[in-house]
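Working notes for the structure below.
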Amino acid sequence: MPSPTRPHRIGMIVPSSNTCLEPQTYRILGDRTDVTVHFTRIPVTRIALDNSSDRQFDPAVMREAARLLATADVDVIAWNGTSGSWLGSAHDQDLVQEITGATRVPATTSTLAYLEAFRTFKTERIALFTPYTDDVNLQVIASYEQEGIKTVDHRALGLSDNESFARVTDDEMRPGSLELAAAAPDALVYLCTNLYGANITAEIEDGTGVPVLDSVAVTLWHALRLAGAPLLDPRWGKLLA
């Protein structure tokens, strides 16, 4: 007979070319048995400010992916991508309504998770680190500005091929991270769910005293909150514990 109890179940919609967030999510969860995470993919290969890139994040595609996850009786569904950071929070709020309307499952996105974290931790000044091109960064900065979030400094690695983001090494991230932390922001934001920022979160926090918010960790944190599950170990971001 099936057990009447089960772990919390989190469903995640994943960009197809993302090779980071699934292994990193399970790495962050460690040996926890109170929660399981279940993934489905949609076609995403390139990040840029043009129509062909934007069409990758069509709500109809998300809705069908969410319906698949809902058949696993998940407790929450997360679009685990940061596209709303440059498309605007209204895009992701509409997306969440679409998902919940189609599945009756609570939903969030990486962008809405960040905005909730900023509110929860009273974060008003951030430093931004991304693998993206400068124009995408500037669009993110403008979008965050509308939410009352000031970006005091930023770094963009100049990449647009989504698969390549996961090949950025810790050593490539450290110098820019330390430079950004020197601006004394309320938090250093690693914006991209295909970037292994969580690998060096504890190191940067311990070395600079600046809190770090990594996209994979922040999305998981918000999904755990919505599912009513315990939060994260402090080494993945002291604010998220």
Side-chain angles (χ1 to χ4, degrees), residues 12-29 39 41-50 53 56-57 78-87 109-111 113-114 117 126-141 143-144 151-183 185 187-208 210-221 232 235-237 239-240:
M12 291 185 173
I13 302 171
V14 181
S16 59
S17 53
N18 187 310
T19 61
C20 166
L21 77 84
E22 291 155 311
Q24 191 76 309
T25 294
Y26 273 111
R27 189 172 295 125
I28 291 171
L29 287 172
F39 305 93
R41 290 178 174 245
I42 65 166
V44 177
T45 59
R46 178 172 164 272
I47 301 301
L49 299 183
D50 57 48
S53 177
Q56 298 173 118
F57 312 111
W79 158 231
N80 209 327
T82 54
S83 54
S85 296
W86 59 88
L87 296 176
T109 72
S110 298
T111 297
Y114 264 120
I126 67 166
L128 181 68
F129 187 108
T130 84
Y132 308 138
T133 52
D134 276 316
D135 59 340
V136 174
N137 265 27
L138 294 175
Q139 187 65 36
V140 171
I141 291 167
S143 178
Y144 278 171
T151 303
V152 297
D153 199 0
H154 74 101
R155 296 291 183 276
L157 297 181
L159 305 175
S160 58
D161 173 28
N162 193 65
E163 185 277 331
S164 70
F165 303 161
R167 291 187 275 116
V168 175
T169 67
D170 296 352
D171 286 341
E172 290 174 306
M173 294 184 66
R174 282 190 184 94
S177 299
L178 295 174
E179 291 168 2
L180 291 171
L188 169 59
V189 169
Y190 291 135
L191 188 73
C192 178
T193 63
N194 201 23
L195 187 70
Y196 279 95
N199 285 358
I200 59 172
T201 288
E203 174 188 332
I204 298 299
E205 288 188 338
D206 291 345
T208 67
V210 174
V212 175
L213 295 173
D214 165 76
S215 293
V216 176
V218 168
T219 307
L220 179 57
W221 166 84
L232 304 180
R235 70 185 174 121
W236 304 110
L239 296 178
L240 305 179

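- Looking at every heavy atom in both residues, A202 comes nearest to R235 through CB-O, 3.5 Å.
- For the pair S215 and L191, the tightest heavy-atom approach, listed with the atom from each and the gap, is OG-CA, 3.4 Å.
- Of all the heavy atoms in V168 and E172, the pair that sits closest is CA-OE1, 3.4 Å.
- The distance from the NE2 atom of H154 to the CG atom of L188 is 13.5 Å, given to the nearest 0.5 Å.
- In this structure a side-chain-to-backbone donor-acceptor pair under 3.5 Å is present from N18 to T193.
- Judged as a salt bridge (charged side-chain N to carboxylate O under 4.0 Å, His left out), the pairs with a partner in residues 196-205 (not counting sequence neighbours) are, in order, R174-E203.
- Within the 3.5 Å criterion, the main-chain N or O of S160 finds no donor-acceptor partner in the side chain of S164.
- Only one option out of N162, N137, T82 pairs with Y132 in a side chain to side chain donor-acceptor pair (under 3.5 Å); it is T82.
- The side chain to side chain donor-acceptor pair (under 3.5 Å) search around Y190 returns S177, not counting sequence neighbours.
- With a 4.5 Å cut-off on side-chain heavy atoms, P131 and I47 do not count as touching.
- Among residues two or more places apart in sequence or in another chain, the side chain to side chain donor-acceptor pair (under 3.5 Å) test is passed with T25 by none.
- Partners of T219 according to the side chain to side chain donor-acceptor pair (under 3.5 Å) rule, which considers only residues two or more places apart in sequence or in another chain, are S110.
- Residues passing the salt bridge (charged side-chain N to carboxylate O under 4.0 Å, His left out) test with E163 are R167, sequence neighbours excluded.
- Under the 3.5 Å distance criterion, the side-chain polar atoms of Y144 are left unmatched by any main-chain donor or acceptor of S85.
- Side-chain contact between M173 and I200 is present, with heavy atoms from C-beta onward closer than 4.5 Å.
- The side-chain heavy atoms of L239 and W221, taken from C-beta on, include no pair separated by under 4.5 Å.
- For the pair L240 and V218, the minimum side-chain heavy-atom distance is below 4.5 Å.
- Residue I126 is tested with L213, I141, V189 for a side-chain contact (heavy atoms from CB on, under 4.5 Å); the sole match is V189.
- Of the residues L21, N80, I28, the one that meets the side-chain contact (heavy atoms from CB on, under 4.5 Å) test with L220 is I28.
- The closest donor-acceptor contact from the side chain of T130 to the backbone of A156 lies at 3.5 Å or more, if one exists at all.
- Summarising the geometry, atom CG belonging to L128 is positioned 5.5 Å from atom OG1 belonging to T151; distances are rounded to the nearest 0.5 Å.
- When the ring pair (Phe, Tyr, Trp, His ring centres under 6.0 Å) test is applied to W236, no partner is found at least two apart in sequence or on another chain.
- For D135, the side chain to side chain donor-acceptor pair (under 3.5 Å) criterion is met by T133, not counting sequence neighbours.
- Remark: R155 pairs with F129, D153, E179, L180 by the side-chain contact (heavy atoms from CB on, under 4.5 Å) rule, at least two apart or across chains.
- For the pair L178/T208, a side-chain contact is recorded, criterion being any heavy-atom separation below 4.5 Å from C-beta on.
- With sequence neighbours left out, the side-chain contact (heavy atoms from CB on, under 4.5 Å) criterion links A166 to T19, C20, N194, Y196.
- S143 pairs by the side-chain contact (heavy atoms from CB on, under 4.5 Å) definition with nothing, not counting sequence neighbours.
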